[in-house]
2 protein chains.
Amino acid sequence: MPKIVDHELQKAKVAEATWRVIQKHGIEQASVRNIAEEAGISVGSMRHYFSTQSELLSYSMKRVSERVSQRIYDTVFSGDLMQDIPSLLHEVLPTDNEKRLEMEVWFSFVVKSLSDDSLRTLRHQVDDELRSIFVTVFNGLSESQLLLPGLDFAIEVERFYAVLDGLAIHAVMRPERVTPEVMVAVIRRHLLSLCQPGVHSMAQKPDSNAKKEQPRDT
Amino acid sequence: MPKIVDHELQKAKVAEATWRVIQKHGIEQASVRNIAEEAGISVGSMRHYFSTQSELLSYSMKRVSERVSQRIYDTVFSGDLMQDIPSLLHEVLPTDNEKRLEMEVWFSFVVKSLSDDSLRTLRHQVDDELRSIFVTVFNGLSESQLLLPGLDFAIEVERFYAVLDGLAIHAVMRPERVTPEVMVAVIRRHLLSLCQPGVHSMAQKPDSNAKKEQPRDT
DNA sequence: CCTTATTTAATACAAATGTGCTAAAATCAA
DNA sequence: TTGATTTTAGCACATTTGTATTAAATAAGG
């Protein structure tokens, strides 16, 4: 009988090597040779798991999305929406090095998917999933009667989702400015701005984020 | 005397050819040969304007940013902030095919700049410029005493900027969902949410965007 | 210790890449 | 028209690319 190797584990190892290559040298350097070297195996060996480069990249992109999904799935909820929504979004935003790696790689794949049909579908799926989180969020807030009256849900979903992805991009591009603390503060502020005054922020000092800073002249 | 060719005009032509190649086939296909073919000139000829590929890409990226700056600069203002701010952001967001091309190409360069030092500086400059617009916006709103009291300017700047870039990304990725109308509505809603009730939206029917839609179950 | 199925490594090859070099074409002043 | 000078085109060359093929190494069953 043959040498037994965990196929899935090897594929995952190669996928993670792909991420590192992309982060360090850009997706244009994600050649089969560079990835094999990063993974510590030979090209011929790698081809046993991925018969084409396109397969390899698709799989690597899928693995990123699965990692993010897993993170969301693993999030523990308290029942307090004003606590749970920031917690959830904290797991999506690049608030540590591991998540930043994922996000940088994800953006690389996303941009590539603009001109690569084999990646487009997955991008749309992930986009739909992520967006549906915000639909769920608004349903939850609405049922708990925390929301301000008269909100246009469709617009608010797009707005909240835009805040999330905008923060994510900015955190990746300017980590020294858009720190985890800034991200959390922005998310919390946005959430509070959608809710009735007074009702929200149970077990959280109310309004502690609303310092009255003066704008600087420019 | 030699043949006279408008150097700058030729360089601009090549830069725009670069954009089209990137939009159609991705930045990894932005080779000197592909770009020269798209521009309708020979490789040897192109090398007369850009001695290296790195130069070519840097210049093309710079041209995109200049186009956006020019658009901002050309925007005419009415004096009514509640009108002018959406107008200004409308010029930045990908609200038509030309601007969508720019934005797709810009994102390609931005992602590449994560692993290419020769592009990093320009990205930071543009980022700083764009962000400073929001500082200016908040200064203006503050001076006109339109703002809600107690706002944390630093957080609000990041939030508004995140809404902008998030919308831009989503519009590029999902143009059928994030239409120009949606973008305008989100921007307007965000702006209004920052301002005192009643005071805002001169010459604009107040609250016309606030339909009471119900969230759909998912 | 063999046998055998499977993984791994190495090599091969055509295509595409960036860049250098050379000769032809084109243009304006004389 | 002539001549000077720049633009243009084409080829050359070493590297890197994706993929195919082939031989060696490996591990489990007999």
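First the proteins, then the strands, lettered A, B, ... as listed; each starts at 1. The figures that follow rest on heavy atoms only: side chains count, while hydrogens, waters and symmetry mates do not.
Not a single ring-ring contact (aromatic ring centres under 6.0 Å, His included) links F77(A) to another residue, sequence neighbours left out. By the side chain to side chain contact (heavy atoms under 4.5 Å, CB included) test, R120(A) is found to be paired with D117(A), R123(A), H124(A), residues two or more places apart in sequence or in another chain being considered.
A straight line from CD of E37(B) to P of dG10(D) spans 12 Å, rounded to a whole angstrom. The CD atom of E28(A) sits 16 Å away from the P atom of dT16(D) (whole-angstrom rounding). Here dT7(D) presents its C1' atom at 15 Å from CZ of F50(B), a figure rounded to the nearest Å. One interatomic measurement links the two molecules: NE2 of H25(B) to P of dA16(C), which rounds to 13 Å at whole-angstrom precision. The distance between atom CD of E55(B) and atom P of dG18(C), rounded to the nearest whole Å, is 14 Å. The distance from atom CG of L57(A) to atom P of dT17(D) is 13 Å, rounded to the nearest whole Å. We find that CD1 of I35(A) is positioned 10 Å from P of dT17(D), with the value rounded to whole Å.
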Shorter than 3.5 Å, N or O on both sides, protein versus nucleotides 19-23 of chain D: list them out with atom names.
from	atom 1	to	atom 2	distance (Å)
dT19(D)	OP2	Q53(A)	N	2.7
dA20(D)	OP2	R47(A)	NH1	3.2
dA20(D)	OP2	R47(A)	NH2	2.3

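OP1 or OP2 of dT8(C) has at least one side-chain nitrogen or oxygen of Y49(A) nearer than 4.0 Å. Distances shown here put every side-chain N or O of H48(B) at or beyond 4.0 Å from the OP1 or OP2 atom of dT8(D). Phosphate proximity of dT17(D) to S31(A): present, with a side-chain N or O under 4.0 Å from OP1 or OP2. When the side-chain nitrogen and oxygen atoms of Q10(B) are compared with OP1 and OP2 of dT8(D), one or more of them lie within a distance under 4.0 Å. Within the 4.0 Å cut-off from OP1 or OP2 of dT17(C), at least one side-chain nitrogen or oxygen of N34(B) is found. Regarding contacts with the backbone of dT7(C), a side-chain N or O of H7(A) is found under 4.0 angstrom from either OP1 or OP2.
Between the side chains of E91(B) and S87(B), not a single donor N or O lies within less than 3.5 Å of an accepting N or O. N34(B) and S31(B) share a side-chain donor-acceptor pair at under 3.5 Å.
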Exercise for the section: Take S108(B) and E104(B) through the test side chain to side chain donor-acceptor pair (under 3.5 Å) and record every step on the way to the result. Expected result: CA-CA 6 Å; S108(B) 298; E104(B) 289 182 28; over 6 Å; no

Handout entry: Intermediate values then yes/no, side chain to side chain donor-acceptor pair (under 3.5 Å), D80(B) and S78(B)
Key = CA-CA 5 Å; D80(B) 176 6; S78(B) 69; 5.3 Å; no

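Within residues 106-123 of chain B, no residue has any heavy atom closer than 4.0 Å to DNA chain C.
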Anything under 3.5 Å between a donor and an acceptor, one on a side chain of residues 155-167 of chain A, the other on a protein residue two or more places apart or in another chain? List them.
from	atom 1	to	atom 2	distance (Å)
E156(A)	OE1	R159(A)	NE	3.2
E156(A)	OE1	R159(A)	NH2	3.0
E156(A)	OE2	R189(B)	NE	2.3
E156(A)	OE2	R189(B)	NH2	3.1
E158(A)	OE2	R131(A)	NE	2.7
E158(A)	OE2	R131(A)	NH2	2.8
E158(A)	OE2	R177(B)	NE	3.1
R159(A)	NH1	H190(B)	ND1	2.7
Y161(A)	OH	D127(A)	OD1	2.5
D165(A)	OD2	H170(B)	NE2	2.6

Side-chain donor/acceptor pairs under 3.5 Å, residues 9-16 of chain B, sequence neighbours excluded:
from	atom 1	to	atom 2	distance (Å)
Q10(B)	OE1	K13(B)	NZ	3.3
Q10(B)	NE2	Y49(B)	OH	3.1

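No side-chain donor-acceptor contact under 3.5 Å links S45(A) to the backbone of I41(A).
The nearest heavy atom of DNA chain D to A30(A) and to I41(B) marks one nucleotide each, and the one closer to the 5' end goes with I41(B).
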